[in-house]
Amino acid sequence: MPEVKGWLLDLFEDPQDDVVLYLIAKKGQRYRLHCDFPITFYAMGSNDDLRALWRFLTTQTPRPILHREKRLDVFSKQEETVLAITTQKSVDERPLFEKVAHTFPYLTYADADIQLSLRFAAVTGVYPLAYCHAAFDQDNTLTYIKPLEEAWAILPADIPFRIMSLRPDKDPHHTQPHQLYVDVNKYHFTFNLQPEHGLLINLNSLLIRYDPDLLLTDWGDTWLLPHLIELSQKFNLPLSLNREERKDFHWQKERSYFSYGRIVYRGQQVHLYGRCHIDRCNAVLWDDYELDGVVEACRVTALPLQLSARSSPGTGISSIEILTALREKILVPWQKQQAEMIKPASELYLADQGGLIFQPKIGMHKDVAQIDFVSLYPSIMVNFNISPETILNDPSAKNLVPTLGLGIDNSKIGLVPKALKPLLVKRITLKTELSCIKSWHPLRKSFTRRASALKWLLVTCFGYLGYKNARFGRIEAHQAVTAYARELILRAKEVAETMDFEVIHMYVDALWVRKPGCTSQSDFDELLQKIQEITGVAIALDGIYRWVVFFPSKQNAHRSVPNRYFGVFQDQTLKIRGVAIRRDDTPVFVSQAQMQILNLLVIPPEPADALPEIIRYLKHCLHLLKERKIPLEDLLVNQRLGRKLDAYSTLPAAARAALQLENIGKHLRPGQRITFLFTTDKTGVYAWDLGTPPNPNSIDTAYYQKLLFRAATEILQPWIKDEEDLKRQVLEYEEQLLLPRTPHTHPISHSKNNLPRLANTSSKSSIAKTANIEQQSK
Amino acid sequence: MGRTLSSTTQTFLQEEGALGRFRRALRKSDQLAFDELFNAAQQHISAASYASHLLPFESMLLAMLLEEHKEVTRLRQVVNELLEMHA
C-alpha cells in the first residue's frame with residue numbers, strides 16, 4: 001500500500017469524493033487523497049421530542065446512524081442524554097441538519113456547524129499544515145493518517161511550500177495598474193496587463209510549470225483574482241488557479257461588522273481548492289506577523305490556511321476551544337443562549353469591572369522599571385481554572401474568587417484552561433527562546449512572528465470568555481478573571497511598597513516602579529521573584545527607563561491619564577503609547593516629525609537640553625511645508641469610514657472624501673479606509689483614490705501646520721508651557737514664512753446642508769446623482 | 001462590547017457635571033479651589049473604582065480629604081522646618 005510523509009495543505013468537502021486532502025510530500029510530490037468522513041451531531045430535548053426526531057430520521061435517505069449517548073454540557077455542568085446522529089459522509093451532514101433544525105426548531109442542537117478541519121483534527125489528530133504520515137490505496141483513498149508532529153512543537157519541520165507571488169505595479173484601488181510582477185522559484189517575471197489575452201496565456205503556463213502550493217498576492221481578493229477570473233471567462237481561456245479542476249472558486253462577500261466598539265471592514269475573499277491563496281492586503285494582521293504567523297495560527301487553531309489567514313484571532317481562539325471540546329467529548333452548542341446569573345445590584349457593582357488602572361504621577365520620572373505579568377489574563381484562566389463550567393454560584397465554596405460571591409470547582413480542569421494551557425506554554429517558551437537568540441539569527445524573525453500570532457490569540461481569549469455569543473463564553477467567568485487580575489496587581493503593589501519601591505503607575509498587568517539606587521536589572525530581581533511567589537503568576541522586567549514621561553489630560557493639565565506616555569529605555573529604545581505617532585490616521589509628515597522630536601529628546605542626558613534643536617527642526621519642517629516640498633504622499637490622512645454616507649448628519653472629512661469617490665463610481669462600505677488630503681477648496685478634502693493628483697497649491701498647509709504643532713506639543717508638554725508657547729518660539733519668523741491662514745470657517749465644519757443634498761437622500765444612486773450635479777455645477 | 005454599569009470615571013465626570021450649577025454660582029477664586037478639589041479626587045479614581053461603593057461620591061469626598069490631608073502634612077513639615085531654622 002503506498003505511503004507518504006508530508007504536510008496536509010488543504011482539505012475540503014467534495015460531492016463525489018466526500019473529503020479531499022492535498023498533501024505536500026517530504027520528497028516533493030503533491031498528492032490528492034480522499035476518504036469518506038462520518039460526521040456526528042447531537043440533539044437534546046424531551047424524550048417524546050427525541051423519539052419523534054428518531055422516527056423522522058429513519059425515513060431519511062441516506063439514513064443516518066442513530067444512538068443515544070451521554071455527553072457533558074458545560075453550561076448545565078452535567079452529562080446530558082443526547083441523540084447522536086451520524087451521517088456516513090461529511091457532505092450529507094449539512095443538508096440533513098438544516099432539514100432537522102427546520103422540522104424540529106424547539107430542540108437544542110450541538111456539534112452542528114463545525115469546520116471540517118476541526119472535526120478531522122479531533123478524530124485523526126491531523127490539523128492543517130501538520131506533518132503527518134498517510135497511507136492510501138490504488139485509487140488514492142486514504143486508509144490511514146497519523147500526525148508526526150504536534151501543533152505545539154517549538155521547532156516544527158519547515159514546510160517546502162512552492163510559493164508564487166503576484167503583485168500589480170500599482171494599487172488598483174488608487175489607479176489603473178499596467179503590469180503584474182510574478183515571483184516564483186527565485187525567478188522574477190513582469191507581465192503587461194495588456195493585451196489581456198497574452199497575460200492569461202503567460203500566467204497559466206507559469207501556474208502549470210511551477211504548480212505552486214501557495215499564491216501570495218497583493219489585492220488578490222479584491223481585485224487581481226476576480227479580474228483574472230473575469231478575463232479567463234471573457235476569452236474562454238483556461239487559468240489553473242485551482243488545483244482541484246472540477247471545483248469552482250469559493251467566493252466570500254465583503255462585509256462590515258462591529259468589533260471592540262468600532263466598525264471593521266473585510267474585503268471580498270477568493271478561496272482556491274487544492275492550492276491556497278492569501279491576499280497580503282486582506283489577511284488579518286499580515287503586517288504584524290506575515291506568513292510565519294499565519295502558518296502558526298493555522299496550525300494551533302486547526303483552521304484551513306486560507307481561512308486562518310483571513311480570520312480574526314477571536315475565530316481562532318473559538319476554534320481552539322471547539323477542538324478541545326470535540327476531543328474531550330463536550331457538547332459544542334449550536335446556538336448558545338446563556339443568561340447571566342441573577343445577582344443583587346451590589347454584587348453586580350463589584351463584579352462589573354475591568355482591570356485596575358491607576359492615575360500615574362504626571363511628568364518625567366527617571367530610572368523607572370516597568371514590570372509586566374506574562375500573559376496575565378490567560379495565566380489567570382489556566383492557573384485558577386476559570387472556565388464556564390467551573391464557576392459556581394456558591395459563596396460558601398472552598399475556592400472563592402476574590403471579592404465576588406463566586407466559587408471555583410477545582411475537581412477537574414475546565415475546558416478553557418485545557419484549551420489555553422498549551423498555547424500559553426508555547427508562547428512563553430517562544431519568548432524565552434527569543435531572549436536567548438541573537439539578533440542576526442535567522443530564527444529570530446520567525447520566532448517573533450509566531451509569538452505575535454500566539455499573542456493575539458491569547459489577547460482575544462479573555463474577551464471571548466465574556467462574549468455572550470461565544471460558544472464557551474460566560475460573563476461570570478470573565479468577571480472572575482478581572483477580579484483575580486485586580487487582586488494580583490494589588491498584591492504586586494503591596495510587595496513593591498513593602499520593599500520600599502515607589503509605584504509610579506499601574507495598568508492592568510504592568511507596574512512602573514522606582515527606588516533610589518536601583519538602576520540595573522539585578523536590582524529588580526528580588527522584587528520580581530517575591531511578586532511571583534506571592535501571586536503565582538510569572539512577572540518579567542520589560543525594561544528600565546532612563547526616563548519616562550506620563551502626560552496629563554488634554555482637557556485638564558492637572559489630571560493624569562493612564563495610557564499616554566513615552567520613555568526611553570537604557571538601551572535607547574523608545575516606548576510610546578497614546579500619542580499621534582501611534583494613531584493610524586496621522587499623516588506620515590506629522591508622525592515623522594513627532595518621531596524626530598523624540599529622537600532629539602533622547603540624545604542629551606537631560607531631555608530639556610534638546611529644546612533648541614527641536615525648535616530648529618520644527619522651523620525646518622514648516623519651511624518645507626510652506627515651500628510645498630513635502631511629498632503629497634506624506635500628507636495623506638488615512639481614516640476609517642464609520643458609517644454609510646447617508647447616515648451622517650454632519651459630514652466629517654473622511655465622509656466628504658468618500659462622497660467624491662462615490663461620484664466617480666467607487667463605492668466604499670462602512671469600516672473601509674479612505675485616504676485623502678486636506679485642501680483649501682470648498683469641500684476641504686481631496687480623495688487620493690480619485691486617480692488624478694490634486695493641485696499641490698490647493699493643499700491646506702495651515703491645517704497641516706496645526707497638526708504639526710499639536711503633535712509636537714503632545715510630546716513636549718513637560719518642557720514647554722503650552723502650544724501657544726511653542727508656537728511663539730517656532731513662529732518668530734511667521735510673517736516671513738507667509739503660511740496661508742486657516743480660513744475662518746474651516747471645511748471640517750461643513751454640515752450636510754452645505755454639501756450635496758444628502759440629508760434628504762437615502763439611496764446610493766441618489767447620492768451619486770447629487771454629487772454629479774455638484775461637480776457639473778463647478 | 002459594553003458594560004452594564006457606567007465606569008467610575010464616567011460616574012466621576014457625571015457627579016462633577018451635576019455640580020456645575022453649584023460651581024457656577026461660586027466666586028472665581030472659589031471656583032479655582034473647587035476645581036483643585038476635583039483634580040485631587042481624580043487622582044484616586046482607581047481606588048474608588050476598586051472600592052465599588054454604592055455611593056461613589058462618598059469615595060470622591062474621601063479622596064479630596066486625603067489629598068487635603070497630604071497637603072496639611074506637607075505644610076506642617078515645612079512649618080516645623082522653618083521653626084527649627086529660626087529656633
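A note on names: the letters A, B, ... follow the listed sequences, proteins ahead of strands, and every chain is numbered from 1.
Neither the backbone nor the side chain of A:Ser553 comes within contact range of chain B; no heavy atoms are under 4.5 Å apart. Of the two parts of A:Ile362, neither the backbone nor the side chain holds a non-hydrogen atom closer than 4.5 Å to a non-hydrogen atom of chain B. For A:Leu356, the part sitting under 4.5 Å from any heavy atom of chain B is the side chain, from C-beta outward, and nothing else.
By the 4.0 Å N-to-carboxylate-O rule, A:Lys493 lies too far from A:Glu487 to be salt-bridged with it.
Side-chain contact between A:Leu285 and A:Pro313 is present, with at least one heavy-atom pair separated by less than 4.5 Å.
Your options are A:Met506, A:Arg486, A:Lys361, and the one with the most heavy-atom pairs under 4.5 Å with chain B is A:Arg486. By number of non-hydrogen pairs under 4.5 angstrom with chain A, the leading residue of B:Ala40, B:Ser52, B:Ala47, B:Ser49 is B:Ser52.
For A:Lys644, the NZ atom sits in a loose shell: 12 or fewer heavy atoms of surrounding residues, nucleotides or ligands are nearer than 6.0 Å.
Of the possible donor and acceptor atoms, none in the side chain of A:His558 sits under 3.5 Å from a partner among the backbone N and O of B:Glu36.
Between A:Tyr565 and A:Trp512, the distance from one ring center to the other falls under 6.0 angstrom.
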